Amino acid sequence: MAPLPTMFPNPPHMASAADLLEKMRNGELSSVALLEALLARIRDHNPRLNAIVVLDADRARERAAAADAARAAGTPWGPLHGLCLTVKEQNDIAGLPTTHGDPARTHAPPAAATDFLVQHLERAGAIVFGKTNVPISCADVQTYNTLYGTCNNPWNESRTAGGSSGGSAAALAARLTPLELGSDIGGSIRVPAAHCGVFGLKTTFGILPRLGATCDAPHVPSRDLSVRGPMARTAADLELMLTVLTSAPHPHADFWRLQLPRPLPAKTQSLGAYRVAVWPSEPPLAPIGDEVAAAVQRVVGALTAAGAHVDAAARPALDPIVSHKVYLQLLGVAQTAQTPESTRRGWVPLAGTDAQNLWERVESGGPLEQASLTQSAWQHAAADRQRNELRAAWRRFFLEGGWDAVLMPIYPLPAIAHDHLANPALQPGTSDEPYWRPGPRTLDVDGTKIPYCDAVFWAGLATVSYLPALAFPSGRGGTTGLPVGLQLVGPEGADFLLIELARLLETKAKFECEVPPGVN
């Protein structure tokens with residue numbers, strides 16, 4: 001392993017991405033030394049966490065050496081010059097497998113080309129040295145599969161790291177990587193970030209293309225509801241990575257330009273400049289556990305003490321039950337769009353023929369994706385119209401009310417114990433069961449049992465209306481001692497504003513990413 005320069009006072013794996021880049025620019029750290037430090041860290045801790053499932057160490061060593069040589073020659077590569085990082089397994093990297101955690105893809109050929117955004121990170125100077133664990137089809141709020149195995153939470157290995165970007169969040173929390181590229185359709189960035197105590201941004205829908213991030217349609221730049229976004233240990237690193245990602249040439253750059261607004265100067269100085277609505281719970285549809293409720297009150301207290309305008313009664317003019325129903329209906333369509341035709345044909349008899357009762361079938365335990373198969377074109381169009389009405393309600397709320405963000409939970413509990421109980425009616429003898437297929441799993445929210453997949457209510461509020469939402473650490477639970485994360489939801493396009501608000505909460509109110517004791 002290359003020796004670390006003596007001028008670097010702390011182990012490189014503990015530093016933020018921004019600090020690492022500064023040290024490399026100043027000649028206090030080499031890219032080769034950073035990579036070897038991270039690989040040593042992975043050897044020490046990854047066997048019991050199973051966060052990183054694909055390593056590309058040899059090519060990364062070559063690129064790190066080239067990065068150091070280019071720096072010595074005065075030839076900068078870009079804003080991420082020499083920074084070593086990982087990405088979620090679903091992202092194609094030429095020569096490496098992309099399986100989405102699906103055993104059926106075990107023998108699929110390696111990717112022929114590298115994902116669009118990963119290429120852009122590399123053009124900006126990044127060195128991608130590995131890929132992180134996901135659930136089967138990237139479709140669960142836990143991360144486990146029979147191909148790569150279970151990803152454990154660095155805070156407590158008997159608990160889930162969340163999903164579907166569970167490997168991403170666990171790797172960040174364990175200091176195995178400084179940055180990650182995740183994706184989110186049902187909380188897949190936000191739930192793992194909350195469970196592992198890191199930061200994660202579900203971006204505004206459509207600002208980051210999905211080219212090369214799906215096995216079935218690698219050349220399709222967009223998929224309804226699904227977005228990609230940065231994950232990091234500091235809000236400043238979220239800003240760094242989002243700035244790089246949004247500078248990528250869009251696939252429709254011949255007629256389309258992206259220019260996200262930056263926060264006004266007053267918003268960068270004080271929490272007192274913000275107007276924050278609070279949506280603390282939504283019973284009986286979405287009950288919240290005591291540890292999450294206490295976290296909401298901690299953040300409310302910090303905002304209030306800093307002089308922010310906080311209102312727990314302000315709400316957009318929408319029915320949350322309608323929002324949840326529309327979200328699940330569109331989610332079912334988005335998920336089944338990638339299902340092989342042979343599988344879909346087998347589902348149709350199970351789904352029934354009465355499309356008018358789609359919601360009733362889902363509520364009574366019918367699999368959402370199967371029920372979605374019997375929707376008429378009219379029903380889908382009606383759901384899309386309702387979605388646009390929800391978007392309009394949110395837009396009026398933010399613009400007319402002058403609200404900067406809404407503070408709300410992202411999951412009703414801290415990280416739950418591993419629960420791999422499948423729906424035996426669908427996949428007998430396997431544990432690879434995407435969460436949107438209702439089965440025997442339930443959540444116990446301080447004595448109240450709710451269906452496992454109902455916990456996506458909080459994720460769906462932002463997702464169905466294309467809003468950005470940022471998960472951030474908000475302390476630890478008083479009973480479990482586990483991290484509790486909340487989310488900030490903002491108007492479409494306000495991604496950088498949410499990052500700035502999270503940065504102030506981090507630096508002024510000390511809602512920071514802590515180091516799990518087991519990996520410190």
Side-chain angles (χ1 to χ4, degrees), residues 135 138-144 151 153-156 159-166 168-170 173 182-202 229 231 278-299 320 323-324 327-328 331 406-419 434-436 441-464 469-489 511 513:
C138 298
D140 201 322
V141 288
Q142 300 182 69
T143 293
Y144 65 96
C151 179
N153 193 311
W155 285 88
N156 183 331
R159 304 287 180 128
T160 181
S164 63
S165 306
S168 305
S183 64
D184 193 307
I185 193 173
S188 288
I189 286 174
R190 292 163 287 165
V191 172
H195 285 353
C196 294
V198 301
F199 293 80
L201 176 67
K202 184 204 92 65
M231 301 176 71
V278 182
W279 196 331
S281 63
E282 190 57 46
L285 178 62
I288 291 301
D290 289 344
E291 290 181 298
V292 176
V296 173
Q297 292 311 308
R298 279 195 297 271
V299 177
S323 178
H324 188 50
Y327 167 63
L328 289 181
L331 176 65
V406 182
L407 173 70
M408 64 177 74
I410 182 57
Y411 203 74
L413 298 164
I416 63 172
H418 294 296
D419 180 3
Y435 78 89
W436 71 83
R441 290 190 287 187
T442 60
L443 288 180
D444 186 338
V445 183
D446 294 350
T448 300
K449 293 286 184 70
I450 65 172
Y452 181 70
C453 65
D454 273 8
V456 300
F457 168 80
W458 296 105
L461 280 174
T463 302
V464 72
L470 189 154
F472 68 100
S474 53
R476 284 194 260 165
T479 301
T480 62
L482 296 171
V484 179
L486 303 174
Q487 64 175 336
L488 297 164
V489 176
F511 290 109
C513 175

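Here the structure is a predicted model, which is why all the values come from computation and not from measurement.
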With distance as the sole test, does [X] use its side chain to make a donor-acceptor pair with the main-chain N or O of [Y] at under 3.5 Å?
{"X": "R190", "Y": "I410", "value": "no"}
{"X": "S164", "Y": "A139", "value": "no"}
{"X": "T160", "Y": "I416", "value": "no"}
{"X": "Q487", "Y": "A462", "value": "no"}
{"X": "S165", "Y": "S188", "value": "yes"}

Yes or no on side-chain contact (heavy atoms from CB on, under 4.5 Å) for H195 and V141, after CA distance, side-chain angles and deciding distance?
CA-CA 10 Å; H195 285 353; V141 288; over 6 Å; no

Is any side-chain heavy atom of [X] less than 4.5 Å from a side-chain heavy atom of [Y]?
{"X": "I288", "Y": "P280", "result": "no"}
{"X": "D419", "Y": "L443", "result": "no"}
{"X": "L331", "Y": "I185", "result": "yes"}
{"X": "F511", "Y": "L486", "result": "no"}
{"X": "P412", "Y": "P287", "result": "no"}
{"X": "S323", "Y": "L461", "result": "yes"}
{"X": "Y452", "Y": "T442", "result": "no"}
{"X": "W155", "Y": "R476", "result": "yes"}

H418 ring center near Y144 ring center (under 6.0 Å)
no

Distance-minimising heavy-atom pair for [X] and [Y]:
{"X": "A161", "Y": "G166", "answer": "CB-O, 3.7 Å"}
{"X": "A469", "Y": "V489", "answer": "CB-CG2, 3.9 Å"}
{"X": "A169", "Y": "P192", "answer": "CB-O, 3.4 Å"}

Among D446, L482, T479, side chain to side chain contact (heavy atoms under 4.5 Å, CB included) partner for E291
T479

Step by step, work out the side-chain contact (heavy atoms from CB on, under 4.5 Å) result for L407 and F472.
CA-CA 11 Å; L407 173 70; F472 68 100; 3.9 Å; yes

Where do F457 and I450 land on the side-chain contact (heavy atoms from CB on, under 4.5 Å) test, with the steps shown first?
CA-CA 12 Å; F457 168 80; I450 65 172; over 6 Å; no

Please determine whether side-chain contact (heavy atoms from CB on, under 4.5 Å) holds for the pair H324 and V456, giving the CA-CA distance in whole Å, both sets of side-chain angles, and the decisive distance to 0.1 Å.
CA-CA 9 Å; H324 188 50; V456 300; 4.2 Å; yes

